[in-house]
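Quick caveat, the model's predicted, so the values are computed rather than measured. For the single chain, residues carry numbers from 1 onward in sequence order.
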Amino acid sequence: MSAQQLSDLIRFARHNSPFYQALYASLPPHADRLTDLPVVDQQAFWAANTLHDSRVLTGPLSEATVYKTGGTTGSPKFSVYTRDEWRTFVTAFGQGLVDTGLRPGHRVADLFYAGELYASFLFVLDSLAHAPVDNVRLPVGGGAPPESTIPTLRDLAAQVLAGTPTTLCRLAEQVVSSGVRLDAVELLLFGGEALFDDQRRLLAAAFPRAEARSVGYASVDAGLLGRPVPGSDARVHRAFTPYSVVEILDDATGEPVTEPGRPGRVVVTSLFRRLMPIIRYPAGDLAEWTGTGPGHFRILGRAEEGVRVGPVSLYTQDAQDAVAAADTAGQVVGVQLVVRRWDGRDGLVLRLATAPGEHGREELAKAVVTELENARPLYPDSVRAGFVHPLSVEWVRHRDLAVNPRSGKLVRVLDERPTA
């Protein structure tokens, strides 16, 4: 399936998707440039994109694969792809795998997670199958314990390991502690999370001959985002032209950023998805153009729509909902998510602002944490597994909350983790 022309996609979405029809109702009939269009509000998008009677879809859900994307257990979110859209998705991403260092004949272990409607395992496996170089695919999965995974990798002489940094590090820790050597491993492809220096040191200790590189930048909701760029900085990617358009927008003004080195939030338009159109959709990340090549950009971390803490995705709305449910007396006057990293693990701090003299903070803090853990059960599961630190609450005055120095707006997410 070839990439659709932008103007055709806009017209198709306006005519067939009630959500986009309402979103574009005030626009001229022939608006056909991205800058003519508003950026999608994620909360409104997912409120409209219900599994039954979706107002986002452009047709009936009669031929598609359904995948789960970020969302609470109370209101899960689903992305759908027709078979042609999925084939385009994995073929384009597979082409980018050559830029990671994938060579003909490489034996690649897919250690991403499968089942429960999650896409990453199938997506990487299909992308490898559609890559332009021959390769041997080893569908191991991320759920298998390291004790059984390591013999499999050794016996099959796996040369490439693909998985989240958390999965790769858990495996590396077992390799180091057991003294087993996996000398065939020469490439580590990570995705889904940032890779930090302490993790790189652990991976180097376990796999001294291997180089860690980004597998590529994509998500099941936003689709194709960035193709790896060979080089020392694994955060640098380039747009998947002509399949998608990546914009970087100024966080204060919403205007497109064009100059290198100026951070903004990533917004993507998918030119090949028609059943569930993605037009100026916030990817949830901050990035900057590098100026080193056409469409080259560097991922800087999560934007205010969401944050990744180890293997767990959370959204600011999740925290707002948890506070609203727990704070029946209305003590909290501001919420900020602070992500930090210490002792080799990520941790999330809920920075809550109250008026002076408020009481009962300890019980309220416990209630907020309980609400958020109930909404995101993967977080307490990851705490028990030793992947992340427990949730904590920091009480402050409203004036202590960080704001954007240019606009004065509250910064919803502060990522204080060191990146390299």
Spacing of [atom1] belonging to [X] relative to [atom2] belonging to [Y], to within rounding of 0.5 Å:
X    : Y    : atom1 : atom2 : result
L171 : L153 : CG    : CG    : 6.0 Å
R274 : E85  : CZ    : CD    : 9.0 Å
R417 : W342 : CZ    : CH2   : 11.0 Å
T88  : F240 : OG1   : CZ    : 12.5 Å
S313 : R376 : OG    : CZ    : 6.5 Å
S214 : F190 : OG    : CZ    : 5.0 Å

Determine the minimum heavy-atom distance between [X] and [Y], stating which atoms define it.
X    : Y    : result
R137 : A129 : CD-N, 3.7 Å
V335 : L401 : N-CD1, 4.4 Å
V215 : G191 : CG1-CA, 3.9 Å
L168 : L189 : CD1-O, 4.1 Å
A239 : F297 : N-CE2, 3.9 Å
T100 : P228 : CG2-CG, 3.6 Å

Are [X] and [Y] close enough that a side-chain donor and a side-chain acceptor fall under 3.5 Å?
X    : Y    : result
R280 : T269 : no
D285 : Y217 : yes
D84  : T82  : no
D221 : S79  : no

Worksheet item: Under the salt bridge (charged side-chain N to carboxylate O under 4.0 Å, His left out) test, which residues partner E116, sequence neighbours left out?
Response: none

Worksheet item: Does R262 come within less than 4.0 Å of D250, counting only side-chain N to carboxylate O?
Response: yes

Worksheet entry | Residues E186, R103: salt bridge by 4.0 Å N-O rule | yes

Are the side chain of [X] and the backbone N or O of [Y] linked by a donor-acceptor pair below 3.5 Å?
X    : Y    : result
S54  : L51  : no
R361 : W395 : no
N374 : T370 : yes
R227 : Q95  : yes
R341 : G344 : yes
D346 : G310 : yes
D327 : V323 : no
Y81  : R273 : no
N135 : V133 : yes
H237 : R235 : yes

Do any side-chain atoms of residues 117-126 form donor-acceptor pairs under 3.5 angstrom with protein atoms, and if so which ones, sequence neighbours left out?
unit_1 : atom_1 : unit_2 : atom_2 : d
S120   : OG     : Y113   : O      : 3.2
D126   : OD2    : W86    : NE1    : 2.9

Item to complete: Determine, using ring centers only, whether F45 and F19 are less than 6.0 Å apart.
Response: yes

Sequence neighbours left out, cut at 3.5 Å: what donor-acceptor pairs do the side chains of residues 155-167 make with other protein atoms?
unit_1 : atom_1 : unit_2 : atom_2 : d
Q159   : OE1    : R107   : N      : 2.9
T164   : OG1    : T167   : N      : 3.1
T164   : OG1    : T167   : OG1    : 3.0
T166   : OG1    : E193   : OE1    : 3.0
T166   : OG1    : E193   : OE2    : 2.9

Practice prompt. Go through the structure and list residues passing side-chain hydrogen bond (donor to acceptor under 3.5 Å, both in side chains) with R351, not counting sequence neighbours.
Written response: Q336, E394

Item to complete: Would you please name every residue forming a ring-ring contact (aromatic ring centres under 6.0 Å, His included) with H106, sequence neighbours left out?
Response: none

Worksheet item: Should we count CD of E373 as having more than 12 external heavy atoms under 6.0 Å?
Response: yes

Discussion item. Strictly by salt bridge (charged side-chain N to carboxylate O under 4.0 Å, His left out), give each pair with a member in residues 202-214 just once, sequence neighbours left out.
Written reply: E211-R213

